[in-house]
Amino acid sequence: MPVSIDDGYPDLAGIIDFANFDFDKNTYRTQERTILEPQLRALGYSSITWSDGETDSFGPLSRLCRAKSRDKIWVTFIYG
């Protein structure tokens, strides 16, 4: 089922910086690991996974990030 920001997931841009992130379809997965994940880990999140949210014929329109907080609570964020 497609997932969008309207589904009530917290916006990932609300807690980390996307300043050096390039939304290019060929590099976003690498940048999730090299730019976004270190910021999440610095905030105490672990077990970080990424998946497509809403998509169309060009690829993902949004991406989901699922991570475990310091309090061991699973949180799902969205960006895109």
Side-chain angles (χ1 to χ4, degrees):
M1 180 165 91
V3 179
S4 73
I5 195 120
D6 297 328
D7 293 326
Y9 291 107
D11 187 3
L12 191 57
I15 66 163
I16 62 174
D17 185 5
F18 279 78
N20 295 317
F21 190 84
D22 179 9
F23 288 89
D24 181 85
K25 68 179 181 175
N26 297 314
T27 60
Y28 70 89
R29 289 177 193 237
T30 299
Q31 292 181 83
E32 285 173 345
R33 289 189 308 274
T34 61
I35 296 174
L36 304 183
E37 269 189 42
Q39 293 181 69
L40 286 167
R41 291 191 188 284
L43 293 171
Y45 290 95
S46 62
S47 303
I48 300 166
T49 61
W50 303 91
S51 61
D52 290 347
E54 195 172 13
T55 61
D56 68 7
S57 60
F58 294 103
L61 301 174
S62 62
R63 292 279 290 163
L64 298 174
C65 171
R66 187 152 166 82
K68 192 182 293 185
S69 72
R70 283 188 176 124
D71 301 324
K72 307 297 183 216
I73 298 170
W74 284 98
V75 181
T76 302
F77 298 101
I78 192 167
Y79 81 87

> Would Asp52 and Arg63 count as a side chain to side chain contact (heavy atoms under 4.5 Å, CB included) if you check the C-alpha gap in whole Å, the side-chain angles of each, and the deciding distance to 0.1 Å?
Replying inline: CA-CA 5 Å; Asp52 290 347; Arg63 292 279 290 163; 2.6 Å; yes
> Of all heavy-atom pairs between Thr76 and Pro10, which one has the smallest distance, and what is that distance?
Replying inline: O-CD, 3.1 Å
>> For residues 39-48, which residue pairs pass the salt bridge (charged side-chain N to carboxylate O under 4.0 Å, His left out) check, not counting sequence neighbours?
In response: Glu37-Arg41
> Please, which pairs that meet salt bridge (charged side-chain N to carboxylate O under 4.0 Å, His left out) have at least one residue in residues 67-80, sequence neighbours excluded?
Replying inline: none
> If you group Ile, Leu, Val, Met, Phe, Trp and Tyr by side-chain heavy-atom gaps below 4.5 Å, do Tyr28 and Leu61 land in one group?
Replying inline: no
> Given Leu40 and Ile15, is the side chain to side chain contact (heavy atoms under 4.5 Å, CB included) satisfied, shown in steps?
Replying inline: CA-CA 8 Å; Leu40 286 167; Ile15 66 163; 3.8 Å; yes
> For Glu54, does its backbone N or O pair with a side-chain atom of Ser62 as donor and acceptor, under 3.5 Å?
Replying inline: yes
>> Go through it in stages, so that I can follow the logic: the residues are Leu36 and Cys65, the test is side chain to side chain contact (heavy atoms under 4.5 Å, CB included), and I'd like the CA-CA distance, side-chain angles, deciding distance and then a yes or no.
In response: CA-CA 10 Å; Leu36 304 183; Cys65 171; over 6 Å; no
> Listed by chain and number, what are the side-chain contact (heavy atoms from CB on, under 4.5 Å) partners of Thr27, not counting sequence neighbours?
Replying inline: Asp22, Asp24, Gln31
> Among all residues two or more places apart in sequence or in another chain, which pass the side-chain contact (heavy atoms from CB on, under 4.5 Å) test with Phe23?
Replying inline: Phe18, Phe21, Tyr79
>> Going by side chain to side chain donor-acceptor pair (under 3.5 Å), name the residues that satisfy it together with Arg33, two or more places apart in sequence or in a different chain.
In response: none
> Can you pull the ring pair (Phe, Tyr, Trp, His ring centres under 6.0 Å) pairs that have at least one residue in residues 39-77, sequence neighbours excluded?
Replying inline: Tyr45-Phe77
